[in-house]
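What follows is a short report on a single structure.
Because the structure is predicted, anything quoted here is derived from the model rather than measured. All residue numbers in this chain count up from 1 along the given sequence.
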Amino acid sequence: MLDKPASQTAARTSGPLTGFRIVEFAGIGPGPFACMLLADMGAEVITLDRVGAGKNLKAVATRGRKVIELDLKNKAAIAEVLELLGHADALIEGFRPGVMERLGLGPDVVLARNPKLVFGRMTGWGQQGPLANAAGHDINYISITGALAAIGTKEKPVPPLNLVGDFGGGALYLVVGVLAALLEAQKSGKGQVVDTAMCDGAASLMSMFYDMAAQGRWSGGRDQNFLDGGAHFYGVYECSCGNFISIGSIEPQFYALLRKHADLTDADFDAQMDRKAWPALKAKLEKVFKSKSRADWCTIMEGTDICFAPILTMEEAPKHPHMAARQVFVERHGVTQPAPAPRFSRTPSAIREPELADIGDVTSAWRTGK
């Protein structure tokens with residue numbers, strides 16, 4: 001059963017970041033997602049958007065904000081923004097390099113007014129480098145890191161949605177960077193610029209694979225390593241019903257359970273780590289898993305140490321017993337969406353309702369500490 005978010009009153013005083021004030025310059029993708037996480041964790045996030053933007057206050061990624069519409073080409077509006085930033089803890093923007101400076105809101109100007117401010121910058125290529133001012137999207141940023149080349153079939157790379165660049169390598173690294181800078185600012189009394197680039201973050205996410213390649217444990221091709229679908233014991237299999245399941249039986253004890261529950265008595269399966277044997281063993285497993293439905297395999301394997309799970313659609317995921325028991329998804333304004341994560345025992349995160357606001361009212365409240 002889907003759960004409803006906490007009441008607005010409770011949510012306003014909940015979360016480990018309660019009391020922190022963050023100004024977001026409206027953008028798309030990783031910036032809004034990062035601010036959603038910060039808002040869920042209790043930060044007061046003010047989103048500055050263009051006049052007439054028509055912000056969808058029911059959207060998932062924009063939840064928990066106060067939205068202020070401004071014309072940033074107006075000098076009077078810039079003065080109001082500077083006054084607001086004078087009382088903020090952090091700023092987050094996702095423009096191309098140089099845009100904030102041209103607006104008169106670059107780090108030099110803003111930090112001179114508020115030396116303790118954390119200035120979070122989110123771009124694909126970073127603030128410097130030959131590609132810094134070029135347009136791009138997630139697929140491009142992960143292309144130059146080695147990540148996209150390693151994901152997909154033998155025939156070609158397959159885009160992993162925009163999880164690796166925008167959200168994994170971008171938004172999450174932005175949140176980590178901003179939180180680290182906020183912690184440091186509490187000690188030093190000084191803010192700083194956090195230059196978050198999706199290509200940097202995606203490259204960082206590849207650390208383990210670069211390490212394995214250096215050890216000779218990872219080849220340059222796709223679908224031939226033990227974590228990219230090449231191994232028969234770590235991959236995706238179709239069932240008789242047309243649905244799919246996943247297994248990750250890497251460790252010997254888990255592999256033994258896989259053999260037991262799937263009745264893999266063929267002696268060829270003894271060669272678990274023989275890369276030359278993987279294609280043939282994978283073909284045999286394909287026939288085994290296609291002999292039963294996904295529901296049948298769930299009955300046989302789910303909850304064991306095989307490392308098994310059904311592959312669910314976005315419609316099915318919220319209804320899975322484990323996801324429902326943990327209330328991983330909630331319903332807000334008729335939209336099923338992920339609940340705040342991670343979870344805190346004493347200062348729980350909560351979804352807060354967004355609202356339209358006036359910059360003068362917000363600045364006055366921040367100035368007086370209300």
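Residues Ile250 and Phe308 share a single hydrophobic cluster, defined by chaining ILVMFWY side chains whose heavy atoms lie under 4.5 Å apart.
Listed by first then second residue, pairs satisfying salt bridge (charged side-chain N to carboxylate O under 4.0 Å, His left out) with a partner in residues 71-85 read Glu83-Arg113, Glu83-Arg367, not counting sequence neighbours. The salt bridge (charged side-chain N to carboxylate O under 4.0 Å, His left out) pairs that include a residue from residues 148-174 number zero, where partners must be two or more places apart or lie in different chains.
Atom CD1 of Ile28 sits in a sparse spot, with 12 or fewer heavy atoms from other residues, nucleotides or ligands closer than 6.0 Å. The local environment of NE2 in His333 is crowded, with over 12 non-hydrogen atoms from other residues, nucleotides or ligands closer than 6.0 Å. In this structure, Met208 places its CE atom where more than 12 heavy-atom neighbours from other residues, nucleotides or ligands lie under 6.0 Å away.
Here the straight-line distance linking atom CE of Met301 with atom CZ of Phe289 works out to 4.0 Å at 0.5 Å rounding. Leu105 CG to Glu101 CD: the interatomic distance, rounded to the nearest 0.5 Å, is 9.5 Å. Residue Met273 holds its CE atom at 6.5 Å from CH2 of Trp278, rounded to the nearest 0.5 Å. Taken from CZ in Phe226 to NE2 in His232, the straight-line distance is 13.5 Å, to the nearest 0.5 Å. Taking OG1 of Thr363 as the start and NE2 of His87 as the end, the distance is 6.5 Å to the nearest 0.5 Å. Rounding to the nearest 0.5 Å gives a distance of 12.5 Å between CZ of Arg121 and CD1 of Ile92.
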Any chance you could lay out the side-chain contact (heavy atoms from CB on, under 4.5 Å) test for Trp297 and His261, step after step, and finish with the verdict?
CA-CA 9 Å; Trp297 287 117; His261 286 76; over 6 Å; no
Residues Leu82, Val110; criterion side-chain contact (heavy atoms from CB on, under 4.5 Å); working and verdict:
CA-CA 7 Å; Leu82 284 170; Val110 175; 4.2 Å; yes
Pair Leu227-Phe209, side-chain contact (heavy atoms from CB on, under 4.5 Å): steps then yes or no
CA-CA 10 Å; Leu227 292 177; Phe209 302 99; 4.0 Å; yes
Show your working on side-chain contact (heavy atoms from CB on, under 4.5 Å) between Leu285 and Leu264 and close with a plain yes or no.
CA-CA 9 Å; Leu285 258 186; Leu264 306 179; 3.8 Å; yes
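Side-chain atoms of Pro338 and Phe329, non-hydrogen and from C-beta on, do get closer than 4.5 Å to each other. Looking only at side-chain heavy atoms (C-beta outward), Leu37 and Leu172 come within less than 4.5 Å of each other.
Side-chain N/O atoms of Ser293 and Asn243 include no donor and acceptor closer than 3.5 Å. Between the side chains of His322 and Glu302, no donor N or O sits under 3.5 Å from an acceptor N or O.
Under a 4.5 Å side-chain heavy-atom cut-off, the cluster of Ile, Leu, Val, Met, Phe, Trp and Tyr residues that includes Phe244 is completed by Val236, Ile311.
Salt bridge status for Asp49 with Arg65: absent, with no side-chain N to carboxylate O gap under 4.0 Å. Contact check on Asp211 versus Arg217 returns no salt bridge, with no Lys/Arg side-chain nitrogen under 4.0 Å from an Asp/Glu carboxylate oxygen.
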